[in-house]
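Just so it is clear, the model here is predicted, and its values are computed rather than measured. Counting starts at 1 for both ligands and their atoms, following the listed order. Values below: every heavy atom of this structure, side chains too, minus hydrogens, waters and symmetry copies.
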Amino acid sequence: MTRKILILGGTAEAAALAERLDETDAPFEVTTSLAGRTRFPNPIPGRVLSGGFGGIAGLKAFIETEKVDIVVDATHPFAEIISENAYVACLAVDVLRVMLIRPPWSLPPDGKWLEVDTMEAIAESLPRISKKPFLTIGSRGLEAFSGMPDIHFLVRLIEEPEKPLPLDDYELITGRPPHDLAREKEIVAEYGIDCLVSKHSGSAATEAKITAALEAGISIILQRRPVQLPGLWTQSVDECLEWLLSQA
Ligand code: NAP
């Protein structure tokens, strides 16, 4: 019997999982859903929905109407709202939910890095540490760094923003992960970067910037990951696929 899988996506792992499922003979019907933040997302096999469900109620209704058997929460570790919605909705309609969450980066204990809870806390400590930070936090949360005219930010986004960024002094570059180490090292040198600011996403596709910063000996400030929700979780596409195949 065909089993219906809903992948909550927006990550490289979610796209890779959809691809791997597409290659199997297992009787799965796969839908991937995206928030719709990226105007030109990379192609994903199978059915792709974009734009959200309308909160917990909308997600519950979708799962029930579409008769979804398994929800895979493969969203970014910092996408807290959709993950909580999935947690609550799946409990309410008694549908299996598995999380696909990449492990954190392995950072050397003696490296020049620190982790803090919020972007506001990062912004507070930044002037003591940096004049030219490389801000790689995505487009949300940049407001925390407004009103800092003495700091020249290098910001990297996936796509050109529709409006100017809420920063006093910045330069913008665009680039889509994966990022390679050679280019990350060049960026650090070329722009005179003295600090890397990022979320502790743990993504393999963006890990090169961490390596480049460690090798250059510059500071790294990371936003700590939110607390992980309860439930079944897997740490890699392989592990998640294996579990899904066990449910076929
Ligand atoms: P969020 O704050 O957790 O979610 C906000 C709302 O966006 C949700 O209530 C939901 O709308 C919609 N949404 C989010 N992810 C969705 C998905 N995969 N499918 C359908 N609707 C989704 O999310 P966010 O932090 O803005 O992240 C948005 C997307 O970007 C996520 O898919 C995430 O995987 C990806 N992403 C996030 C980050 C990050 O740092 N947060 C980084 C890289 C990629 P409704 O309530 O209408 O359902």
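Heavy-atom proximity to atom 16 (C) of ligand 1, evaluated over Ile82, Val48, Leu59, is greatest for Ile82. Closest heavy-atom approach to atom 27 (O) of ligand 1 among the candidates Pro226, Ala79, Ala12: Ala79. Of the candidates Glu13, Arg140, Glu80, Gln223, the one placing a heavy atom closest to atom 2 (O) of ligand 1 is Arg140. Of the candidates Arg37, Lys199, His76, the one placing a heavy atom closest to atom 34 (O) of ligand 1 is His76.
For atom 23 (O) of ligand 1, a protein heavy-atom neighbour is present inside the 4.0 Å cut-off.
A donor-acceptor distance shorter than 3.5 angstrom exists from the side chain of Tyr170 to the backbone of Leu165, with no hydrogens or angles considered. Under the 3.5 Å distance criterion, the side-chain polar atoms of Thr38 are left unmatched by any main-chain donor or acceptor of Phe40. Checked by atom type and distance alone, the side chain of Ser83 pairs as donor or acceptor with a backbone atom of Ala79 at under 3.5 Å. Counting only distance, with no hydrogens or angles, the side chain of Arg3 and the backbone of Asp69 share no donor-acceptor pair below 3.5 Å.
Numbered from 1 in the order shown, with element, the atoms of ligand 1 that lie under 4.0 Å from a heavy atom of Phe78 read 25 (O), 40 (O), 41 (N). Taking every heavy atom of Asn85 and a limit of under 4.0 angstrom, the matching atoms of ligand 1 come to 9 (O), 46 (O). Atoms of ligand 1 lying under 4.0 Å from any heavy atom of Gly10, numbered from 1 in the order shown and given with element: 32 (O), 34 (O), 35 (C), 36 (N), 44 (C).
The pair Glu159-Arg39 meets the salt-bridge criterion, with a side-chain N (NZ, NE, NH1 or NH2) lying under 4.0 Å from an Asp/Glu carboxylate O. Under a 4.0 Å N-O distance rule, the pair Lys132/Glu171 does not qualify as a salt bridge.
The closest approach between any non-hydrogen atom of Gly55 and ligand 1 is below 4.0 Å. No heavy atom of Gly138 sits closer than 4.0 Å to any atom of ligand 1.
For Tyr191 and Phe134, the ring centers are positioned 6.0 Å apart or more.
Below 3.5 Å of separation, one finds no N or O of Ala74 facing any N or O of ligand 1. Looking at Ile137 next to ligand 1, no N or O pair under 3.5 Å apart turns up. By the 3.5 Å distance cut-off applied to N or O atoms, Ser33 is counted among the residues near ligand 1.
Residue, atom and distance of the protein heavy atom nearest to atom 12 (C) of ligand 1 are Ala35 CB, 4.1 Å. Of all protein heavy atoms, the one closest to atom 48 (O) of ligand 1 is Phe53 N, 2.7 Å.
Taking the six-membered ring for Trp and thresholds of 30 and 60 degrees, Trp105 and His200 have nearly parallel ring planes, at less than 30 degrees apart.
Remark: the Thr136 side chain and the Lys209 side chain contain an N/O donor-acceptor pair separated by less than 3.5 Å.
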